[in-house]
Every structure is written in structure tokens, then in C-alpha cells.
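Here is the structure we will look at, set down as C-alpha cells.
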Amino acid sequence: MAHLQLTALAGGAGDEMEEVALLGSYDVEAGPVGAAEGEGDEEAGMRRVQVRVAGMTCSACTGAVEAALSARRGVRRAAVSLLQNRAHVVFDPALAKDEDIVEAIEDAGFEAEILPDSTVSQPKSQKTLSGQFRIGGMTCAACVNSVEGILEKLPGVKRAVVALATSLGEVEYDPSAISKDEIVQAIEDAGFDAALLQSSEQDKVLLGVTGLHTEGDVDVLHDILKKIEGLRQFGVHFGNSEVEIVFDPEVVGLRQIVDTIEMESNDRLKAHVQNPYLRAASNDAQEASKTLHLLRSSLLLSIPVFFIRMVCPHIPLISSFLGMHLGPFRIGDLLKWILVSMVQFVVGKRFYVAAYRALRHGSTNMDVLVVIGTTASYVYSVCALLYGAFTGFHPPIYFETSAMIITFVLFGKYLEVLAKGKTSDAIKKLVELAPATALLLLKDKEGKYSGEKEIDASLVQPGDALKVLPGSKVPADGVVIWGTSHVNESMVTGESVPISKEVSSPVIGGTMNLHGVLHIQATKVGSGTVLSQIISLVETAQMSKAPIQKFADYVASIFVPIVITLSLLTFLAWFLCGWLGAYPNSWSAESSNCFVFSLMFSISVVVIACPCALGLATPTAVMVATGVGANHGVLVKGGDALERAQNVKYVIFDKTGTLTQGKATVTTAKIFSGMDLGDFLTLVASAEASSEHPLAKAILDYAFHFHFFGKLPSAKDSIKKRREKILSQWLLEATDFSALPGKGIQCWINGKKILVRNRALITENGVNIPDEAEHFLVDMELSAKTGILVAYDGGFIGLIGITDPLKREAAVVVQGLKKMGVHPVMVTGDNWRTAQAVAKEVGIDDVRAEIMPAGKADVIRLLQKDGSVVAMVGDGINDSPALAAADVGMAIGAGTDIAIEAADYVLVRNNLEDVITAIDLSRKTFSRIRWNYFFAMAYNVVAIPVAAGVLFPFTGLQMPPWLAGACMAFSSVSVVCSSLLLRRYRKPRLTTVLQITVE
């Protein structure tokens, strides 16, 4: 479950940052800026205080307090929280005192008190944490805006992102300024349900405990936990059979805690780590179940009302019974009143509560519209019923209208909950890949394997030896220490061909072992595993907002007030026209008078308008698309990246490892001095041994096999051990080694300087290249080989030819991009001749060669000058600046963690076809989003005038309010279903990609 633990974004240790490199924040500015500000305050000698402020009732009050504080001399910054009734003030103690702060607030008309715990000097913020919260009760984009606005105003909160489709909120905050519990409290004070799903504090775990039946069992558990060293605190929740523990992982391990609980209780109590995803799924199921229960109740109460109004009048016996009087009321009217009152105030209570919460904080949403429409219909009907009872004149009543509106809205909500659940299917499938249990190999005192034990997979620790049976899943990332087999990795990497595994082969958690038994040693568990990082990355992407959603957020913020205004205008227009005799009395005869006639139009306008569809248009599509992308090996880091990729004009490819296979091999070694070939290769290999460049590894391998071919054992593990021993004895000692980016390496061997790599490095050091060597080098470069020049002791001694085969799909992908209207560009640090030869082979016309690593970013900025969107595809450390500079950075899956952190897309497979998939998926997704917006806007633009009665004078058709409620309920469902169509996405095949044309 550790993949749910959120990670420190700033100030963490280096190894911690490496563990989460794949997740790279899609909003990197938020955290560091906040931290920098905090540090700046400390350096400048600023003082921070927290002040309790009493008497604030609305945002206008907070504005008044902030203005009063900001006007005070010496105050640098003031932030006021209405929900917490606090003010956080940063000021210069040389210019102002605590009393001045209190006086400023009191002068503004509020009571103020400096909180005691803020009088001590505030420590620097050590890190920015990120927490994920489940937020219940949100119905539309207006709710999202309201929650985000409240969270962003909280002191210590750097950034808050709320997703309507998942009912999740992600908050980055400074733990020294605000706690997770305070954030939960703030959300609940705003009128929504909130619960923390994930915590970045990796020493806090929630355990489920079976066997907690009585208070005595709880006491036993308390006694056991108190005795465990390293357990800092714990809290037992008897009702949920859960215990929350905070422990020091350096002192005690989680598995040890679980084992201790079982042993000390004589197996009466069994503990297991709670899966947050299962809890989230349980919450979704509970929401669906609750909505279904309300829908059933509403149906059971509304159907009799419908029959009393529409069917019973045509059955004489029942009609006469319902027409009988019980006191001043007719029995039929009394029954409808009782039934509808239960629907309105018992079943419909959730709408009143949600509307009150929204209005209390100055925002509006769909619940406000439902409450206004149903309440207007209900109140009118009650007034009409009472009027008829006491005057004998019975105007028409419309009890069934409010009941049916609530029923249809609940039906739509239930369908929406089910449909939204399907948008997260991709996450559910990824979570299900992780096995529930693992077979732990036990060791005796001598270190020999003595048996095996089945444990919870979440309790696996790095270094554990695990047994993986045929047909079972690998429980954690690790390396094979015994056995051979084939593993199906398609569910994680998208690679369909099973991969052969033997001793020292890496394995990925969640993949399927097919044939033989494997013993593996766990190297990464929890959040460190590839599967966990993929899940977290997909979650992060689904939490993010695409820029296009700002439009929907703005519309949602003004939608409800506009609709209410239109409703009032509709009522006034029809009523005044009827009162002035502008239309025939026959039009309103069925409603008895023009007031009722106008009211029905007005209620229809309120009820038919739907802001939810607009709010769901983007997040549901992004959620489905990111899940579909993950299934195809394309990981998207956010909706903003997805939106930019649709407009890509240039795709820049690095050569080595991107267009080529990254498996450089030496093809030629030629001497231009009297040196022996073996001595030459030993000299060059000794120099390259300290380099991390792929070409250095190729030279080292070639030299090693030249000297020792046929002298090594056959077993691969024996070869590795023998090679390591030989290298340490065979290579010469190199001193003063330095790598020169874009040029090569230089060092000293036997007291003489050696230079290895390209022409620029050799000539800069005054070494002349012989004509014969120059001609030989040109011929190699024209045949797409890279020439490695070597100079030793001031003289040119030889060169080495290296080739890196092109990926088989490179040429087809380049042609496919051209057909899509995208211009491919190759940027490489290699020489011009080799670069042009490779570019010609794959069909790229635009080549930029001999570019230094920093120069790649300059090339990107040059292409961006005219506003073009530029994508960069790379795999190495040198590509990171370019990936970060590009509008869309795509990291090939075989790349380094640094490259992946800088990228917007991670292509899990080392396959260039996924570049086309990424762009094509982006275009398909935003085409669907545009259709969603079109449907949502068109629905409201068409439906509201129809409900207002624009067509009535010409057709005589009036939309009853209950039908308007049904239309509103199904509008948001239709948008979600439209987004779900993206689940049918199929990536372009190589055989058809050349037929893709620009639309």
C-alpha cells in the first residue's frame, strides 16, 4: 500500500527523491516557491504570529481584516482564514509589535488574540507534503471551485486540486503551518464530507484487525502494542476493527508489528494492512448504494402520487373514494400531500443540506436549482390545497411535480455514479495486478533456507527472498537469485512477448510468472515499485486540470445566478402578458389562472438547467484517456500535457537510444601508429572505464572480448564474476579523468595525456589528424557509423568505428508523423555526416548535428518562437534539459529517472510507435471533450428557451416541470457516457499509420 503514500516534494533526502522520480510533479513551481518564501522570511528576520479572530461571518470580513493588517507599517504578509477564524501574519519586529497586530484587527471591528503557541520562533519548513483526500457531496463544477477556493485560502496550503469525476482532492501543504486533520476539518466546515486517503508520513499505517469482538480484545491489543519498541503511538477504532499506528521504521518493521500482534495474542488477533484502494472502492459502492436506496424510496412514494393524479380519475370507484372529504380536505389531495411531503423533506433532504452549505459560503450549484424548483412547486401546491379547503374553490395542485423531479434527479445521479465509476476502471485494473500474498523464504541461523511462509504482499521488505510459483504474480520488484522462467510483462510494460528470466535478471512486481519456479530478492517495495509508480502517475494525471476546463469553471460560477434570473424573467414575462391580456385566456385555462401558468414555465426553467454536464465534460474524458493510455504503455502526467500534445507541430528526436536501439557495437578498430592493436584497445578501454557514455561501454566490451574471448566459463553468472576480477587487474590506472560534454573524455595514463572521442576535442588540443585517417573517418561517417578518435601523448594513434542499429519502426514512425502534419527533427551531438546518413535512412529532412546538451534546449526554444508546440523524445540524462524545455517532453521507457522526471509523457515501452499513440490519443481525447462541451452547451442553450415556453405560442406544447427534471438528470449522464466511448480507443497500427491524414 506504500504506493499510496504521498511523497515529499521539497527538502527530502536524495535517495527519497530518486524513489519518486517517475512521478515528477506536473506543477513544479508551487512547492519550491512556498518554501523559498518561508526561508526568505527567516533570513530577513521576519516574525510570524497566529491570531485568533472572532466575529468574522463571510469573505467580506476576511477581506476587511486583511486590508487592516496590510495597511499597518511593517506587515509584510497577512492571510486570514474564515473557516479557522485565524490570521497568519508575517511582519518586521523592528517596525511592529504583537500589540500592533491585535490593535489593527480590533480597529477593523473584530476581536483578536495572539495564540500562545505562535509566540515561539517558527522553524523553517523542512518539506512540502502532499495529501490526497476523498471529498463527498460534490455535485458539479461550482462545488469543485468552492472547495478549491476554501483550501487555497488555508494558511500553509501551497496548492489544491479537486477532481469532480473521482471525488478526490490533492493538497500540497507545509506541515509546520497546517496539519492534515485541520485540512479535513476545513473541508467538513465547508459542508462536504472529507477523509484522508493517503499520507506522506511513511511511518503511519492503518491496520485492519480481525478478532476484535469485545472490549477485552481491545485491552489485549492495547497491552501488546504498548510493549512493542519503536511504536510511537497508536489508536484503536473498535467499531471499524482498525488500529492506526505510528512507528519508527528504523527501530521496528511493519511485518514485525503484525507478527507480534498474532504471536502475543495466541493467534486470536490477526492484523493486515488496509488497502486504501479497497476502502475507496467501498466508499464508491456505499455512495451508489445510498443513492439507489433514496431512488427506491422516492419511486415507492412517487408512483402512488402519479396514479392518484393520472390514472385514478378514470376509475369511477376509486375516483369517488378519493373525492370524499376528510374534514376540509379531499382524501386524494391529503394522500398526495402526505406522500409528497415525505419525498420532499425526507428523501430530498440531501438537496436541502447541500444547497444550504453552498449558499452559506456564497456559492451556488445544481442542488440550489433543484431546491428552488421543487420547493416552489410544493409551496404553491400546499397554498392551493389550503385555499381550496377553506374557500371551496379548488385550483389545480402540482404535488406530483416536485416528487417526480426529485425522483428523476436521483435516477440521473445514480446512473452518473455508476458511469463515473467506470471511468476509473484503468486504476482498478492496475491495482488488481498486485498480488495479495507472497511466499517468504525463511532462513535458519546459518543463513540457509529452512522453509517458506505466506505473508501479506504489503509486508514484503527490501532484501526479502521470495518464491514465485508458475502461474503466480511477482509480488515486488527484484532480481532473480535462483531458477529460470519466462515472465509476461504485458500488463505493466505493454510488451506482448514473454521475457526470459534467469539469475541476475530483473523482475517487475505485478507481472505473471509463466513456467518455472523463481526465487527473487526484493529490491523495491511499496511506492518504489514500477507498478506503484505507474498507478501514482495515472492518479496524478487524473487529478490534474486541463487548461480548457477553466472555461467550464468560469461558466459554472455564474451559471446558477443567470438561470435563476432567467426563471424570474420568464415568470414576469408570462404573468404580465397574461395580466395585460397579451395572449388568449384559453392558453392558461388548464392552469386556472395566469399565475399558475407562468409559475410552471418558471419552475421548468430552473429545473431543466444543468451545470453538472459542463463540469464533467473535461475531467471524465481526461480520466478515461489517462487510463487508456496506461493500458497502451503511454503514461500521461496531467491534463495540461494531454491538451498540449494535440497541437504538436514539431517532434524532436535524439539519435542515440531514441531513433537507434542504444546498443552500440564496435565494428572497426584501425591503428595509425606503430602501436599493437591489443595495446591500443587496452589504452582506450582504460580511459573509457570511468565514463558512463553508451559508446564507452561498447569500447570496453570490444576490448575485453578481444583479449579474453575463449578464456571464460560458459555460465553467465560465472562470466560476470570472472569479468569483474579481470577488469580490476587488466586495465591501466587512469588519473585526472574528466568528461567534456559534447566532446569526449581526457585523462592521464602512464603519465601521458590521452584524448578520446570526436574531432573537435582532438583539434582543440593541437593534434593533427593524418589525411589517411581523415578519409577513413569520412567513409565511416557516410555509412552512418560514429568515429571515435584517439590521441595519446600529443599524437594521433588510431580510431574506432561504432555503429548503433536503427529501431525497426523508426522509418515508419517518421513517415506516420509527417502524414499527421507533424514535422520530425533530429538533434544529436554526433557529427554532421553520421547524423545526415542516419536521418536519410529514417526519412528526416531537418537535422541539427554537433549540438551540445545545452544546445538542444536552444533548438527547441528557436522552434517555439513562432508559437509552435514542440515535443521532444529522448532517453538519456543529456536529454533532461531539452525534455523540460519542450512543450511536451516524452521519455522513452528505457530512459533514466532524471529524464522521466523532466517529461510530460512516459513511454513505458522502448518503442517509437508510442509517440504516434500519444499524439493520436491526445487528439481523440480533446475531440471528445469538444463534443462534450458542445452537447452540454447546446443542451442548455436549446432546453432553457423551450422550458421557458418560447415554442408554446406556435405549437401549444408546454414542457411540464417533471419532464424538465428528467431532461436535466440525463444531460450529465450523457456527457459521462460520451467520455466512456474513449475506452474503445485503439492505437494506430504500423500497417495503417501511413494512412493518417490531417483533419
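Start at 1 with the first residue, then count along the sequence.
The backbone N or O of Gly889 lies less than 3.5 Å from a partner atom in the side chain of Asp904, making a donor-acceptor pair. Checking side-chain atoms of Tyr702 against main-chain N and O of Leu681 turns up no donor-acceptor pair under 3.5 Å. For Asp464 (side chain) and Gln461 (main-chain N/O), a donor-acceptor pair under 3.5 Å exists by modelled atom type. Using a distance-only test at 3.5 Å, with no hydrogens or angles considered, no donor-acceptor pair links the side chain of Gln746 to the main chain of Leu740. In this structure, Thr763 contributes its side chain and Ala760 its backbone to a donor-acceptor pair below 3.5 Å. Side chain of Thr529 to main chain of Ala476: no donor-acceptor pair is present (N/O by atom type, distance under 3.5 Å, no hydrogens or angles). In this structure, the side chain of Asp887 engages the main chain of Val870 through a donor-acceptor pair within 3.5 Å. In this structure a side-chain-to-backbone donor-acceptor pair under 3.5 Å is present from Asn513 to Gly516. A distance-only check finds no donor-acceptor pair linking the side chain of Lys670 to the backbone of Phe776 [under 3.5 Å]. Between the Asn758 side chain and the Leu761 main chain, a donor and an acceptor come within less than 3.5 Å of each other.
Ring geometry, His515 versus His486: the interplanar angle exceeds 60°, so the pair is classed perpendicular (tilted spans 30 to 60°). Using cut-offs of 30° and 60° for the angle between ring planes, the His823 and Tyr650 rings count as tilted.
Closest heavy-atom contact between Val525 and Pro462: CG2-CD, 3.7 Å. When all heavy atoms of Gly510 and Leu531 are compared, the closest pair comes out as CA-CD2, 4.2 Å. Considering every non-hydrogen atom in both Lys663 and Asp804, the closest pair reads N-OD1, 3.2 Å.
Residues Arg759 and Glu774 are paired through a salt bridge, judged by an N-O separation under 4.0 Å between the basic side chain and the carboxylate. The pair Glu913-Lys987 fails the salt-bridge criterion, with no side-chain N (NZ, NE, NH1 or NH2) lying under 4.0 Å from an Asp/Glu carboxylate O. The pair Lys501-Glu489 meets the salt-bridge criterion, since a charged nitrogen lies less than 4.0 angstrom from a carboxylate oxygen.
Put simply, CD on Gln661 and CZ on Arg808 are 10.0 Å apart, with the number rounded to the nearest 0.5 Å. Atoms CG and CE, from Leu659 and Met826 in turn, are 6.5 Å apart once rounded to the nearest 0.5 Å. Once rounded to the nearest 0.5 Å, the distance linking CG of Leu921 with CD1 of Ile916 reads 13.5 Å. A distance of 8.0 Å separates OG1 in Thr735 from CH2 in Trp748, rounded to the nearest 0.5 Å. With rounding to the nearest 0.5 Å, the separation of SG in Cys747 from NZ in Lys753 is 10.0 Å. Note: Leu700 CG to His705 NE2 = 10.5 Å, rounded to the nearest 0.5 Å.
Checked against side-chain hydrogen bond (donor to acceptor under 3.5 Å, both in side chains), Thr834 has the following partners two or more places apart in sequence or in another chain: Asn831.
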Leu817/Ile919 under side chain to side chain contact (heavy atoms under 4.5 Å, CB included): CA gap, chis, key distance, verdict: CA-CA 9 Å; Leu817 288 172; Ile919 297 174; 3.9 Å; yes

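Within a 6.0 Å sphere centred on CG of Asn768, heavy atoms belonging to other residues, nucleotides or ligands number 12 at most.
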